[in-house]
J.: 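What follows is a structure written as structure tokens; I'll ask about it next.
Sequence positions, counted from 1, serve as the residue numbers for this chain. None of these values were measured; they are calculated from a predicted model.
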Amino acid sequence: MGLMDAMSLPANRHCPIARTLEVLGQKWNLLLLREAFLGRTRFAEFQRIGIPNATLGQRLNDLVGAGLLERVTYREEGERSREEYFLTDAGRDVLPILAALSEWGDRHRPQETGRGVVCTADGERPVHLEFRDPDGEPVDRDAVTISRGPVYHAALAAAGRSPDGDLGADPPS
């Protein structure tokens, strides 16, 4: 089954994780967004991460098309026009994802030399991600589970399918 077919399945089409991976699932996209958060805006600055030029151009176009970066034309005295790339609101909303990846990497793939990326508040105080309930109380990650939402079950019911893919079975309520 091809990628397009897989994304049309209710398990993926109605899943925000799957839809997010359509945009962020490429390693270069995440690394380019990391660089944008580090203040990089120009093509030459993004090249420093080792991405091939053709791939860089395509990934920047993809991130602009997905609404995560905005392309702005600039021109320095005596030079041709060039483009810079700035995070949009949607791009800035990727910060917790990058922070989660960084925390996971530090915990499960640590470097002997220390942390390569650090999230701080006001450039000084280290911060970390955590789960909180609607009242703002911290929730231990071991108490958190992922479950399918109502739109997934409604789509299955409309198709006459059960969550495990059997035709005719009733989805759980």
J.: Once you round to the nearest 0.5 Å, how far does CD of Glu83 lie from CZ of Arg75?
T.: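 It is 14.0 Å, given to the nearest 0.5 Å.
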J.: Please name the pair of heavy atoms, one in Pro52 and one in Trp28, separated by the smallest distance, quoted to 0.1 Å.
T.: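 Of all heavy-atom pairs spanning Pro52 and Trp28, the closest is CD-CZ2, 4.3 Å.
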J.: So which heavy atom on Val72 is nearest to which on Phe86, and how close?
T.: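 That closest heavy-atom pairing would be CG2-CD1, 3.9 Å.
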J.: Show every salt bridge (charged side-chain N to carboxylate O under 4.0 Å, His left out) that has at least one partner inside residues 28-52, sequence neighbours left out.
T.: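 As it turns out, the salt bridge (charged side-chain N to carboxylate O under 4.0 Å, His left out) pairs with a partner in residues 28-52, which skip direct neighbours, are Glu35-Arg40, Arg42-Glu76, Arg42-Glu84.
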J.: Test of understanding: with side chain to side chain contact (heavy atoms under 4.5 Å, CB included), list the residues that count as partners of Leu129, not counting sequence neighbours.
T.: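 Per chain and number, Leu129 pairs via side chain to side chain contact (heavy atoms under 4.5 Å, CB included) with Pro96, Ala99, Ala100, Glu103.
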J.: Any link between Leu101 and Leu95 through a network of hydrophobic side chains (Ile, Leu, Val, Met, Phe, Trp, Tyr) touching at under 4.5 Å?
T.: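 Same hydrophobic cluster.
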J.: With rounding to the nearest 0.5 Å, note down the distance linking CG in Leu87 to CG in Leu69.
T.: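 If I round to the nearest 0.5 Å, the distance is 5.5 Å.
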J.: Taking Glu124's backbone N and O only, do any of them form a donor-acceptor pair with Asp122's side chain (distance below 3.5 Å, no angle check)?
T.: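 Looks like no, no N/O pair under 3.5 Å.
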J.: Using modelled atom types and a 3.5 Å cut-off, is there a donor and acceptor pairing between side-chain atoms of Asn12 and backbone atoms of Ala6?
T.: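 Side chain of Asn12 to backbone of Ala6, a donor-acceptor pair under 3.5 Å: yes, one is there.
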J.: Kindly state each residue pair satisfying ring-ring contact (aromatic ring centres under 6.0 Å, His included) with at least one member in residues 98-128, sequence neighbours excluded.
T.: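 Those involving residues 98-128 are Trp104-His108.
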J.: To the closest 0.5 Å, what do you measure between CD (Glu22) and CG (Asp62)?
T.: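 Between atom CD of Glu22 and atom CG of Asp62 there are 12.0 Å.
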J.: Looking at every heavy atom in both Cys15 and Arg148, which two are closest together, and how far apart are they?
T.: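 In this case the closest contact between Cys15 and Arg148 is CB-NH1, 4.5 Å.
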J.: Under the criterion side chain to side chain contact (heavy atoms under 4.5 Å, CB included), I'd like the reasoning laid out for Tyr85 against Leu32: C-alpha separation, chi angles, the key distance, then a yes or no.
T.: CA-CA 10 Å; Tyr85 299 87; Leu32 290 169; over 6 Å; no
J.: Give the C-alpha distance, both sets of side-chain angles, the deciding distance and a yes or no for side chain to side chain contact (heavy atoms under 4.5 Å, CB included) between Leu68 and Leu24.
T.: CA-CA 10 Å; Leu68 301 176; Leu24 299 179; 3.8 Å; yes
J.: Would you name the heavy atoms of Val117 and Asp106 that are closest together and state the gap between them?
T.: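 Scanning both residues completely, I find the closest heavy atoms to be O-OD2, 4.1 Å.
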J.: Apply side chain to side chain contact (heavy atoms under 4.5 Å, CB included) to residues Phe46 and Leu60 and explain how you reach the verdict.
T.: CA-CA 9 Å; Phe46 290 121; Leu60 288 171; 4.0 Å; yes
J.: Would one find more than 12 heavy atoms of other residues, nucleotides or ligands at under 6.0 Å from atom CZ of Arg132?
T.: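 Yes, the 6.0 Å shell around CZ holds more than 12 heavy atoms from other groups.
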J.: Check the pair Arg125 / Thr120 against side chain to side chain contact (heavy atoms under 4.5 Å, CB included), numbers first and verdict last.
T.: CA-CA 5 Å; Arg125 298 174 295 144; Thr120 61; 5.8 Å; no
J.: Rounded to the nearest 0.5 Å, how far apart are CD1 of Ile97 and CG of Leu30?
T.: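 If I round to the nearest 0.5 Å, the distance is 8.0 Å.
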J.: Quick check for you: to the nearest 0.5 Å, what is the distance between Leu31 atom CG and Lys27 atom NZ?
T.: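 It is 7.5 Å, given to the nearest 0.5 Å.
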J.: I need the Arg82 CZ to Phe43 CZ distance, nearest 0.5 Å.
T.: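 It comes to 10.5 Å.
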J.: I'd like to know if the side chain of Ser102 reaches the main chain of Leu98, judged simply by a donor and an acceptor atom lying under 3.5 Å from each other, with no hydrogens or angles considered.
T.: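 Between the backbone of Leu98 and the side chain of Ser102 there is no qualifying donor-acceptor contact (under 3.5 Å).
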J.: Between Thr88 and Gly67 (side chain of the first, backbone of the second, donor and acceptor by atom type, cut-off under 3.5 Å), is there such a pair?
T.: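 It does hold such a pair.
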J.: Not counting sequence neighbours, which residues clear side chain to side chain contact (heavy atoms under 4.5 Å, CB included) with Val139? List them please.
T.: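 Listed in chain order: Phe131, Asp133, Ala143, Val144.
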J.: With a cutoff of under 4.5 Å between side-chain heavy atoms, which Ile, Leu, Val, Met, Phe, Trp and Tyr residues group with Ile17?
T.: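 Besides Ile17, the hydrophobic cluster comprises Leu21, Ile146, listed by chain and residue number.
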J.: According to salt bridge (charged side-chain N to carboxylate O under 4.0 Å, His left out), does anything in residues 7-19 pair up with another residue at least two apart or in another chain? List the pairs.
T.: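 Sorted pair list comes back empty.
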